[in-house]
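The first residue in the sequence is number 1, and the count goes up from there.
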Amino acid sequence: MNFMRNAGSPHRRVVIIGTGAGGLAAALELSANGFEVIAIERDTEPGGKLKPATIGGATFDVGPTVFTMRWVFEELFAAAGEDLSAHIPMQPVEILARHAWPGGTRLDLFADPARTQDAIGDFAGAAEARAFANFHAEAKTIYRLVEEPFLRAVNPSSIDLIRRHGLEGLRIKPFTTLWRELGRHFRDPRLQQTFGRYATYCGSTPFAAPATLMLIAYVEQQGVWLVEGGMRRIAEAMAALASARGATFRYGTHVERLLVEGGRVAGVVLADGEVVAADAVIVNGDVAAVAAGLFGPEAARVVPRRPKSGRSASAITFSMLAEATGFPLIRHNFFFSRDYRAEFDDIVAGRLPVEPTVYLCAQDRGDNGLSGNAAPSSRERLFHQLNVVARGDEQPVPPGEIEAYLKRTVTHLEACGLSVRWHPDEMMVATPSDFHRRFPATGGALYGQATHGWRAPFQRPSVRTTLPGLYLAGGSAHPGAGVPMAALSGRTAAACLMAELAGERAATAGWRQAAAWGDLSLR
């Protein structure tokens with residue numbers, strides 16, 4: 001039986017597997033352009049890593065907590081004829097993050113670079129303040145050089161960058177590590193830690209990640225927003241708009257495999273045997289699951305398997321309702337270890353660090369302490385994230401080690417001036433094994449492959465595969481990890497799909513605003 005549908009039909013059907021940020025962006029883009037969209041999600045609600053948790057009656061963000069690159073969503077919503085601010089209320093922060101070290105020293109980074117420069121001058125001296133000005137200028141240059149030929153590209157390459165920018169392309173600093181470049185800019189090791197943390201945003205170590213990741217400093221200072229109601233609002237808004245344009249969402253449904261006929265994807269087969277025919281399929285899941293054959297052998301053959309040693313980091317997270325005293329928490333806080341290199345040596349070796357760096361998201365706070373939405377009895381929502389190796393498929397962390405690690409974490413926070421008190425019934429722990437169960441074949445890696453070495457950014461799988469009708473979207477595909485990057489991948493996948501179903505095979509690497517498909521077309 002032929003399950004293929006007519007690609008010239010005014011109701012071309014696309015199945016999207018998974019409703020993370022990439023899948024939702026693709027669903028909104030395609031439904032706004034008249035495609036019949038069926039989004040299949042094995043969970044009970046949309047969002048992927050944006051899905052919250054409930055602890056003691058309070059709702060927590062337990063995945064991404066930072067909203068940046070707002071322009072990605074402004075373009076997406078505008079392409080659907082909508083205003084982002086009307087659907088996702090959010091407020092910009094003035095203080096991007098508060099950084100602390102044992103002994104009580106603190107440093108705030110601000111959305112205003114001039115204020116950050118002044119703060120660094122007060123913290124580490126005038127020479128380091130001048131160093132920050134140079135560092136920020138270089139970060140801006142790197143972002144300018146990579147936005148079009150990399151972030152918005154379908155299948156970028158280093159050759160494309162050189163062709164576009166010539167020798168200026170070397171200013172993205174691909175051949176030196178982030179840590180080495182930070183050492184060239186800053187003499188104070190605390191500032192090296194402060195900006196070295198950007199490597200962890202994609203699950204990597206600053207001692208192996210390329211200095212290109214400096215661009216994150218510029219991205220953050222273009223704006224960090226607090227989403228009212230939590231990060232889940234992003235997923236809910238995209239799903240609601242796609243539904244309003246005709247998309248169908250099927251929750252609690254599992255895809256057994258892709259249906260392939262005549263050398264191209266023809267739909268999906270569900271766990272109960274139901275066949276859902278489609279002209280194309282977008283897999284919004286970790287590419288490791290595709291490569292492992294979880295969607296069938298035909299799909300596995302077009303996605304190369306990567307070695308486990310190349311996985312990005314995982315995490316241990318502690319989410320709790322707690323009383324926090326002694327330290328002026330804001331929304332985003334970092335408590336750095338005394339020895340950053342020793343910490344990452346432990347992580348790479350598969351050990352829990354003796355003294356971890358802790359990211360702490362105080363979800364009832366803004367720039368000026370508690371927002372008034374704190375839980376009863378002075379308790380507030382605290383989310384702690386600590387980087388660990390992604391071996392959740394083969395080396396679970398024993399409960400006794402988790403308990404000991406929590407004690408070391410609390411001791412470290414106290415050394416930085418923060419005291420945290422909580423009740424065990426109001427705390428939830430997540431480990432690499434938990435993330436591996438949620439995201440099969442990953443070992444708990446939260447960001448796809450690690451971004452180590454100059455080739456790594458160009459080695460993520462493209463959204464367009466060599467199996468006709470199959471596309472990828474999500475943080476493990478190009479352009480990379482993070483909510484806005486995953487959304488970009490979904491838009492790019494949708495653009496490729498629309499052009500190719502229309503018989504317009506993309507001959508060049510990128511897309512930009514245009515009138516052909518909403519505001520998105522291939523060029």
Side-chain angles (χ1 to χ4, degrees), residues 1-18 22-23 25-27 29-31 33-40 152-157 247 255-270 274-305 458-474 476-479 488-511 516-517 520-523:
M1 180 177 180
N2 184 4
F3 290 104
M4 278 297 297
R5 296 169 58 85
N6 179 8
S9 164
H11 299 294
R12 292 157 294 183
R13 178 186 289 174
V14 179
V15 166
I16 299 174
I17 305 173
E29 189 80 35
L30 291 166
S31 60
N33 281 284
F35 283 73
E36 180 187 356
V37 174
I38 301 176
I40 299 175
R152 294 180 181 268
V154 175
N155 192 20
S157 70
V255 173
E256 183 70 25
R257 61 181 173 87
L258 300 183
L259 181 67
V260 179
E261 285 194 344
R264 69 166 291 124
V265 169
V268 298
V269 180
L270 305 183
E274 178 186 352
V275 172
V276 181
D279 299 297
V281 173
I282 297 175
V283 176
N284 177 213
D286 198 288
V287 297
V290 181
L294 301 189
F295 295 98
E298 295 91 350
R301 284 194 287 269
V302 302
V303 178
R305 297 195 74 163
F458 303 102
Q459 291 178 328
R460 284 182 177 263
S462 170
V463 299
R464 185 172 57 201
T465 75
T466 56
L467 177 60
L470 174 62
Y471 303 84
L472 306 174
S476 61
H478 175 76
L488 275 176
S489 78
R491 291 204 75 195
T492 307
C496 290
L497 184 157
M498 290 187 284
E500 289 167 11
L501 286 185
E504 300 169 4
R505 181 74 186 185
T508 55
W511 52 263
W517 301 103
L520 181 63
S521 68
L522 291 172
R523 60 170 176 82

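- Closest approach of R264 and L501 over heavy atoms only: NH2-CD2, 4.2 Å.
- Residue S489 comes nearest to G22 through the heavy atom pair OG-CA, 4.4 Å, listed as atom of the first residue, atom of the second, then distance.
- Using a 4.5 Å heavy-atom threshold, the side chains of E298 and R257 count as separate.
- Considering every non-hydrogen atom in both A473 and G490, the closest pair reads CB-CA, 4.0 Å.
- A distance-only check finds a donor-acceptor pair linking the side chain of H478 to the backbone of A153 [under 3.5 Å].
- With values rounded to the nearest 0.5 angstrom, L470 atom CG is found 12.5 Å from R464 atom CZ.
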CA sep, side-chain torsions, deciding dist, call: F295, V283, side chain to side chain contact (heavy atoms under 4.5 Å, CB included):
CA-CA 9 Å; F295 295 98; V283 176; 3.9 Å; yes
Check step by step if side chain to side chain contact (heavy atoms under 4.5 Å, CB included) holds for M498 and N33.
CA-CA 9 Å; M498 290 187 284; N33 281 284; 3.8 Å; yes
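- Here the CD1 atom belonging to I38 is positioned 11.5 Å from the CD1 atom belonging to I17, to the nearest 0.5 angstrom.
- Of all heavy-atom pairs between V463 and C496, the closest is CG2-SG, 4.2 Å.
- The side-chain contact (heavy atoms from CB on, under 4.5 Å) test with L472 is passed by exactly one of T492, I282, V303, V302: V303.
- Taking the side chain as every heavy atom from C-beta outward, E36 and V14 never approach each other to under 4.5 Å.
- For the side-chain contact (heavy atoms from CB on, under 4.5 Å) with R13, the qualifying choice from V276, L30, V37, V281 is V276, the only one to do so.
- Taking CD1 of I16 as the start and CG of L497 as the end, the distance is 8.5 Å to the nearest 0.5 Å.
- In plain terms, the two heavy atoms of A494 and E29 that are nearest each other are CB-CG, 3.8 Å.
- Here the shortest heavy-atom pairing between G263 and P468 reads O-CD, 3.4 Å.
- Under a cutoff of 6.0 Å and an axis angle of 45°, R12 and F35 form a cation-pi pair.
- Separating the CZ atom in R460 from the OG atom in S476 is a distance of 7.0 Å, to the nearest 0.5 Å.
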